[in-house]
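The structure under discussion appears below in the form of structure tokens.
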Amino acid sequence: MKKLKLGYAPTRRFTFSAEDAFKYKVQIRNKMDSFGMDIDIVDLEGLNEEGLLYDDRIGAEQIADHLLKEKVDAVFFPHCNFGTEDTVARVAKALGKPVLLWGPRDEAPLEDGMRLRDTQCGLFATGKVLRRFRTPFTYVTNSRVDDPVFERGFKNFVAAANVVRHFRSLRILQIGPRPTSFWTMMCNEGELLERFGIELHPITLVDITNAAKKAEKSGGSELAEAIQYIRDKLDISEVTDDDVKRVAALKVAMKKLAVDSGSTAIAIQCWSALQDAIGIMPCLANAILTDEQIPVTCETDIHGAITSVMVQAAAMNEAPTFFADITIRHPENDNGELLFHCGNFPVSLSVENKPKMRKHFLFDDHAPGTHEGEIRGGSMTIARFDGDNGEYQLFLGKAKGIEGPYTRGSYVWVEVNDWPLWEEKLVKGPYVHHSVGIHANVIPALYEACQYIPGLTPDPVDPTEEKIRAWLRGSV
């Protein structure tokens, strides 16, 4: 997967120490490299002798052209002394990318009373000018280079920028229309395109049926690898070799259609014509693709697919998501809830060493193609992008896995801070019974990403907005 490109545009002002600014430019870059994030950094080296943004000899246009040519996804303007606020604002406006504003905390004045940097004062100035330019930006509290607050804020900004870049290039492979009775899965395709630039690439169930049969017939290394994966990772004692091959072929066909169409996620009509057409359910194929960073949502849930891409990107594409129904309350824990789906959770999350590949338990004819079992618990983020009546929100909450009774399908029992509050928020909307989970705390990154997505309002239930902002400031 293509790495995120971060523009590094350190800035100083001519009235303060150029030597100290250069020293901090190097220290900050070394600190960024020490974080171990898998990103590409594009700096200003070669544009002048210092590699710093500081006066009109290197104007905003030249710097912006350089960063645009490099196709950066975001830009970081560390103020190495007071900083040059007008040029910073012009560059930020020209790029139209997420902006990080921060500066290293100033030392005490020298013995003669002079000060070398006045970084904090410069940050006040730049923040105001960015507002004048109507350019949203992320701010990290003025802190020392080695302060955990800087590391926390920097990493969170990069994750948020990754969400924004994936969101802005979203194309979803839609396989079939929503099931007839699933009115909750309605979405406004035109509005998604007009407001957010999100594209759908619809195909029919005939198209996927033909593609799957072609993949099964033609064979090849991808099909062989998918078959071997199923054999290695799952208990296939309850299904036939033909069932395994058909699921593998469906996975290969879905991936090819996604790649060929430039889609980063898939929403499929899994109820239930597909099993009549090719004799299997798509649940396990969905699970395998989700593990491969092409998330697949059931019941043609377009908003669920959007959520999956956002959540996956917030984790820097280093952890798989799982797409779940929010179903029933825990029989004993009043803050417990069951996250479930028929058999589509990533195999890598399974508690069992080899979960069972099975026939679907909800249909009378029991078509094969699911895999069942509990997934691991631990800390999770639960999220949902949704909207109606022209307004869109992003539900955000944290949960932790708990013990609960056995059930069929893919599942995990979770506990939240205040289930009645969650339930009220989910029922009153604009949400539905579907959610996306991930074993990572990506709430601050998703919250921050929303300010770069006009028309999308973050809706955190736990932690609250105040607690998220306090965490980012280092206040908690």
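By convention here, the first residue in the shown sequence is residue 1.
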Does the Thr321 side chain pair with the main chain of Val436, one donor and one acceptor, at a distance under 3.5 Å? no

Which of these, Glu50, Arg12, Glu45, sits in a side chain to side chain contact (heavy atoms under 4.5 Å, CB included) with Lys25? Glu45

Taking the side chain from Asp73 and the backbone from Ala161, do they hold a donor-acceptor pair closer than 3.5 Å? no

Any residue meeting side chain to side chain contact (heavy atoms under 4.5 Å, CB included) with Asp33, in chain and number order, not counting sequence neighbours: Arg29, Ile41

Heavy atoms of Val149 and Leu472 approach each other most closely as CG1-O, 4.1 Å

Taking Val259's backbone N and O only, do any of them form a donor-acceptor pair with Ser263's side chain (distance below 3.5 Å, no angle check)? no

Take atom NZ of Lys467 as the centre, draw a 6.0 Å sphere, and report whether it contains more than 12 heavy atoms from other residues, nucleotides or ligands. no

Would Phe137 and Leu100 count as a side chain to side chain contact (heavy atoms under 4.5 Å, CB included) here? Give the steps. CA-CA 6 Å; Phe137 63 93; Leu100 176 61; over 6 Å; no

Scan the side chains in residues 422-430 for donor-acceptor partners under 3.5 Å anywhere in the protein, sequence neighbours excluded, and list what turns up.
{"unit_1": "Trp422", "atom_1": "NE1", "unit_2": "Asn417", "atom_2": "OD1", "d": "2.9"}
{"unit_1": "Glu423", "atom_1": "OE1", "unit_2": "Trp419", "atom_2": "NE1", "d": "2.8"}
{"unit_1": "Lys425", "atom_1": "NZ", "unit_2": "Asp459", "atom_2": "OD1", "d": "2.9"}

Would you confirm whether Lys251, through its side chain, and Asn286, through its main-chain N or O, come within 3.5 Å as a donor-acceptor pair? no

Please assess Phe76 against Phe154 for the test ring pair (Phe, Tyr, Trp, His ring centres under 6.0 Å), listing each intermediate value before the final yes or no. CA-CA 9 Å; Phe76 176 28; Phe154 179 85; 5.8 Å; yes

Using side-chain heavy atoms (C-beta onward) and a distance below 4.5 Å, is Asp291 in contact with Val347? yes

Using 4.0 Å as the upper bound for N to carboxylate O, is an ion pair formed by Asp386 and Arg384? yes

When rounded to the nearest 0.5 angstrom, what distance separates CD1 in Ile175 from CG in Asp207? 9.5 Å

So, the side chain of Asn344 versus the backbone of Phe323: is there a donor-acceptor pair under 3.5 Å, distance only? yes

Closest approach of Met254 to Leu173 (non-hydrogen atoms, all atoms of both residues): O-CD2, 4.1 Å

Within the 6.0 Å centroid threshold, strictly below: Tyr8 and Phe77: no

Residues Glu19, Lys23: salt bridge by 4.0 Å N-O rule: no

Residues Arg90 and Asp86 bridged, charged N to O under 4.0 Å: yes

Could you walk me through whether Ile302 and Gln174 satisfy the side chain to side chain contact (heavy atoms under 4.5 Å, CB included) test, starting with their C-alpha distance in whole Å, then the side-chain angles of each, then the deciding distance to 0.1 Å, before giving a yes or no? CA-CA 8 Å; Ile302 301 298; Gln174 177 183 331; 3.9 Å; yes

Taking the six-membered ring for Trp, is the centroid-to-centroid distance between Phe322 and His439 below 6.0 Å? yes

Distance alone, cut at 3.5 Å: any donor-acceptor contact between the side chains of Ser143 and Trp102? yes

Under a plain distance cut-off of 3.5 Å, with no hydrogens placed, do Glu299 and Trp271 share a side-chain donor-acceptor pair? yes

When Lys255 is tested against each of Glu292, Glu225, Glu222 for salt bridge (charged side-chain N to carboxylate O under 4.0 Å, His left out), which residue passes? Glu292

All heavy atoms of Ile268 vs all of Pro282, minimum pair found to be CD1-CB, 4.0 Å

Scanning both residues in full, the closest heavy-atom pair of Gly153 with Val140 reads CA-CG2, 3.7 Å

Would you name the heavy atoms of Tyr411 and Leu338 that are closest together and state the gap between them? CB-CD1, 3.8 Å

Can we call the ring centroids of Phe14 and Tyr54 under 6.0 Å apart? no

Considering only distance and modelled atom types, tabulate donor-acceptor pairs under 3.5 Å from the side chains of residues 442-450, sequence neighbours left out.
{"unit_1": "Tyr447", "atom_1": "OH", "unit_2": "Glu465", "atom_2": "OE2", "d": "2.7"}
{"unit_1": "Tyr447", "atom_1": "OH", "unit_2": "Arg469", "atom_2": "NH1", "d": "3.2"}
{"unit_1": "Glu448", "atom_1": "OE2", "unit_2": "Thr138", "atom_2": "OG1", "d": "2.6"}
{"unit_1": "Glu448", "atom_1": "OE2", "unit_2": "Gln451", "atom_2": "NE2", "d": "2.4"}

First locate atom CE of Met316, then atom CD1 of Ile39, and finally report the distance between them rounded to the nearest 0.5 Å. 6.5 Å

Rounded at 0.5 Å granularity, tell me how far NE2 in His166 sits from CG in Leu4. 8.0 Å

Whether Thr290 side chain and Val296 backbone form a donor-acceptor pair below 3.5 Å: yes

Can you name the closest pair of heavy atoms from Gly304 and Thr297 and give their distance? C-CG2, 3.5 Å

Kindly assign one of parallel, tilted or perpendicular to the pair Tyr431 and Phe395, based on the angle between their ring planes and the thresholds 30° and 60°. perpendicular

Going through the checks in order, is the side chain to side chain contact (heavy atoms under 4.5 Å, CB included) test met by Met310 and Leu456? CA-CA 12 Å; Met310 295 179 72; Leu456 180 59; 3.9 Å; yes

Answer yes or no: are there more than 12 heavy-atom neighbours, outside Arg105 itself, under 6.0 Å from its atom CZ? no

Tell me if a side-chain donor or acceptor on Tyr452 pairs with a main-chain N or O of Arg165 at a distance below 3.5 Å. no

Give every residue pair that meets the ring-ring contact (aromatic ring centres under 6.0 Å, His included) criterion with at least one member in residues 455-476, sequence neighbours excluded. none

Does the gap between the ring centers of His434 and His303 come in under 6.0 Å? no

Can you give the donor-acceptor pairs under 3.5 Å from side chains of residues 187-194 to other protein atoms, not counting sequence neighbours?
{"unit_1": "Asn188", "atom_1": "OD1", "unit_2": "Gly190", "atom_2": "N", "d": "3.3"}
{"unit_1": "Asn188", "atom_1": "OD1", "unit_2": "Glu191", "atom_2": "N", "d": "2.9"}
{"unit_1": "Glu191", "atom_1": "OE1", "unit_2": "Tyr392", "atom_2": "OH", "d": "2.6"}

side-chain hydrogen bond (donor to acceptor under 3.5 Å, both in side chains): which pairs involve residues 124-133, sequence neighbours left out? His79-Thr126

Do the side chains of Ile28 and Pro104 get nearer than 4.5 Å, heavy atoms only? yes

Main chain of Thr84, side chain of Thr87: is a donor-acceptor contact present, judged purely on distance under 3.5 Å? no

Around atom CD of Glu70, are there more than 12 heavy atoms of other residues, nucleotides or ligands at under 6.0 Å? yes

Look up atom CD in Glu318 and atom CE in Met37, then write down how far apart they are to the nearest 0.5 Å. 7.5 Å

With a cut-off of 6.0 Å (strictly less than), are more than 12 heavy atoms of other residues, nucleotides or ligands near CD of Glu107? yes

Using modelled atom types and a 3.5 Å cut-off, is there a donor and acceptor pairing between side-chain atoms of Thr307 and backbone atoms of Phe385? yes

Just do the salt bridge (charged side-chain N to carboxylate O under 4.0 Å, His left out) check on Glu415 and Lys400 with the steps written out, would you? CA-CA 5 Å; Glu415 182 180 47; Lys400 64 178 181 180; 3.5 Å; yes

Would you confirm whether Arg171, through its side chain, and Thr264, through its main-chain N or O, come within 3.5 Å as a donor-acceptor pair? no

